2 protein chains.
Amino acid sequence: MAQRNLLQFIILGLLHQTPLTGYELTKAFDSDIGEFWSAQHSQIYPQLQKLETAGSLTHTEEVTGEKLARKRYAITDTGLDTLNNWLAAPTPASTNGKDEFALKLYFIPDANDARLRPMLEAQQVEHTAKRTHLEHQLATKFPDGAPTVGLGHYLILQHAVSREHEYCDWLATALTHCR
Amino acid sequence: MAQRNLLQFIILGLLHQTPLTGYELTKAFDSDIGEFWSAQHSQIYPQLQKLETAGSLTHTEEVTGEKLARKRYAITDTGLDTLNNWLAAPTPASTNGKDEFALKLYFIPDANDARLRPMLEAQQVEHTAKRTHLEHQLATKFPDGAPTVGLGHYLILQHAVSREHEYCDWLATALTHCR
DNA sequence: CTCTTCATGTAATGCGTTACATGATTTA
DNA sequence: TAAATCATGTAACGCATTACATGAAGAG
């Protein structure tokens, strides 16, 4: 299978909600969807140009103050087709799940190795912090539980929470196996 | 932070257990650690050469039959140092967690969208199958529960199982929110 | 007036996948 | 004798990160 270039679909998906500038798109990867994808501006700006060349986007110039111009991109009908085709296509099982810490554990074969416990405890601190942070986000963004519009946002956050929950539980189990 | 090249450490870790050929290393990524990392032979063979040039590995030639020669690689003291330094270093929080399906859900904002249910059900089939497969692996490879030697192998499998468990639960929750 | 944020690009480099390429050995 | 597996490499290409580069606008 060829490389997928999923970034283009994410950009189209975000622009389908509302037109955005490259700068705003970049920020989007630091908030909501940052839990399940990341991208830098150096990747986003060229991709925007490619999508516009392909006819999936158009942009309008906005001037702030005296000189500063920014480009606000909007999705076209062609772009919407591309987006919908991706959404309708079967999702291949992710080949990913790369986890550096899990690997490290694998390479310390002896349960009595003195390095194990401090490693696990350090991870526990990090993942517990991340988990509480995500739980707080979920509670403040969705105080009334699952919404009808914006369900995906809710589900993605809930998924992130329970992913961290699982990781913490796993670390706790692992700790019971080493001295 | 520079690129990490984790593959080198995985190779060193595997060779620390026992000397292996490039072919055998490649297969290792399809079994145990395949749950948390993947690599093709086109990446492994060059990396073996680099590691040998760096003095982390040595190889001996073995001849099978008449002509077929294979290279069996073993870790050196230098290589062992590299491995231990990696194991001792703090593990940076994974920036990953790329999940195409979670993204798709995010981009279907309406909980009543007719596409939601079949998408979720398709994923449920896949992840349930994967989960039962992993549970079976865990049960057959470790019928007596957690071992003292080879704990990492046990933990990595258990982690994979509970990861799939979480994913299935999440999908089930998501299904309760759409008609 | 300085620092932070807004705003947009390009260049260099590395990681990872797919495809290309070859040949030996074993098994059915 | 044909197919599957063993066995080792290189080449092309795309994705992603880091660094380089520039400048305007707002806040303190």
Side-chain angles (χ1 to χ4, degrees), chain A residues 1-11 19-31 33-34 36-54 57 59-73 92-98 100 103, chain B residues 1-11 19-31 33-34 36-54 57 59-73 92-98 100 103:
Chain A
M1 187 188 302
Q3 232 103 313
R4 311 275 326 279
N5 188 9
L6 295 178
L7 179 61
Q8 65 179 313
F9 303 121
I10 301 169
I11 290 176
L20 295 169
T21 67
Y23 188 81
E24 288 165 340
L25 276 167
T26 304
K27 280 192 303 181
F29 285 89
D30 297 331
S31 52
I33 61 175
F36 289 106
W37 210 271
S38 65
Q40 281 70 42
H41 75 274
S42 57
Q43 212 186 344
I44 290 167
Y45 286 112
Q47 186 64 62
L48 284 169
Q49 293 167 13
K50 276 179 215 163
L51 284 168
E52 188 164 34
T53 305
L57 300 180
H59 80 266
T60 53
E61 296 244 330
E62 289 178 357
V63 177
T64 312
E66 202 63 21
K67 285 184 184 179
L68 185 56
R70 65 189 155 203
K71 299 177 183 173
R72 187 163 297 275
Y73 288 89
S94 77
T95 56
N96 297 334
K98 300 203 168 184
E100 184 176 356
L103 275 177
Chain B
M1 190 188 301
Q3 231 103 311
R4 310 273 328 276
N5 190 8
L6 294 177
L7 179 61
Q8 66 180 313
F9 303 121
I10 300 170
I11 289 176
L20 295 169
T21 67
Y23 189 80
E24 289 165 340
L25 276 166
T26 304
K27 279 192 304 182
F29 284 91
D30 296 331
S31 53
I33 60 175
F36 290 106
W37 211 271
S38 65
Q40 281 71 43
H41 75 274
S42 57
Q43 211 184 344
I44 290 167
Y45 287 112
Q47 187 64 61
L48 284 168
Q49 292 168 14
K50 276 179 214 164
L51 283 167
E52 188 164 34
T53 306
L57 299 180
H59 80 268
T60 54
E61 295 244 330
E62 289 177 358
V63 177
T64 313
E66 202 63 22
K67 286 185 183 176
L68 186 56
R70 63 188 158 202
K71 300 177 185 174
R72 188 163 298 275
Y73 287 90
S94 78
T95 56
N96 297 335
K98 301 203 166 183
E100 184 178 354
L103 274 178

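All chains are named by letter (A, B, ...) in the order of the sequence lines, taking the proteins before the strands, and each is independently numbered beginning at 1. Side-chain atoms are counted along with the backbone in the values below, which use heavy atoms only and exclude waters and symmetry mates. Please read all numbers here as calculations on a predicted model, not as lab measurements.
If you measure from atom CG of Leu25(B) to atom C1' of dA7(D), you get 13 Å, rounded to the nearest angstrom. Here dA25(D) presents its P atom at 14 Å from CD of Glu62(A), a figure rounded to the nearest Å. Rounded to an integer number of Å, the gap from CD of Glu100(A) to P of dC15(C) is 13 Å. We find that CG of Leu20(B) is positioned 11 Å from P of dA7(D), with the value rounded to whole Å. Per the geometry, CD1 belonging to Ile44(B) stands 14 Å off P belonging to dT18(C), to the nearest Å. The distance between atom CD of Gln8(B) and atom P of dG16(C), rounded to the nearest whole Å, is 11 Å. One interatomic measurement links the two molecules: CZ of Phe9(B) to C1' of dC15(C), which rounds to 14 Å at whole-angstrom precision.
Considering only residues two or more places apart in sequence or on other chains, Pro46(A) meets the side-chain contact (heavy atoms from CB on, under 4.5 Å) condition with none of them. Not counting sequence neighbours, the partners of Leu6(A) by the side-chain contact (heavy atoms from CB on, under 4.5 Å) test are Arg4(A), Phe9(A), Trp37(A), Trp86(A), Glu100(B). For Phe29(B), there are no ring-ring contact (aromatic ring centres under 6.0 Å, His included) partners two or more places apart in sequence or in a different chain. A search for side-chain contact (heavy atoms from CB on, under 4.5 Å) contacts involving Thr21(A) returns Tyr23(A), Glu24(A), Arg70(A), Arg72(A), not counting sequence neighbours.
At the phosphate of dG16(C), OP1 or OP2 sits under 4.0 Å from a side-chain N or O atom of Lys98(A). For Gln40(B) and dG16(C), the shortest distance from a side-chain N or O to OP1 or OP2 is not below 4.0 Å.
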Tabulated below should be each protein N or O lying under 3.5 Å from an N or O of nucleotides 24-28 of chain C; please produce it.
residue, atom, partner, partner atom, Å
dA24(C), O3', Leu68(B), N, 3.4
dT25(C), OP1, Thr64(B), O, 3.2
dT25(C), OP1, Glu66(B), N, 2.7
dT25(C), OP1, Lys67(B), N, 2.6
dT25(C), OP1, Leu68(B), N, 3.2

Check nucleotides 8-10 of chain C for protein N or O atoms closer than 3.5 Å to its own N or O atoms and list the pairs.
residue, atom, partner, partner atom, Å
dT8(C), OP1, Lys71(A), N, 2.9
dT8(C), OP2, Tyr23(A), N, 2.9
dT8(C), OP2, Tyr45(A), OH, 2.9
dG9(C), OP1, Lys71(A), NZ, 2.6
dG9(C), O6, His41(A), NE2, 2.8

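The two residues Leu7(B) and Ala39(B) have their closest heavy-atom pair at CD1-CB, 3.9 Å.
Identified under the side chain to side chain donor-acceptor pair (under 3.5 Å) test for residues 43-53 of chain B, with sequence neighbours left out: Asn5(B)-Gln47(B), Glu52(B)-His59(B).
A 6.0 Å sphere centred on CD of Glu66(B) holds no more than 12 heavy atoms belonging to other residues, nucleotides or ligands.
Taking OH from Tyr73(A) and CG from Leu48(A), the interatomic distance works out to 5.0 Å, rounded to the nearest 0.5 Å. Atom CD1 of residue Ile44(A) and atom NZ of residue Lys27(A) lie 12.0 Å apart, to the nearest 0.5 angstrom.
Looking at which nucleotide of DNA chain D each of Leu6(A) and Lys27(B) is closest to, the 5′-most match is held by Lys27(B).
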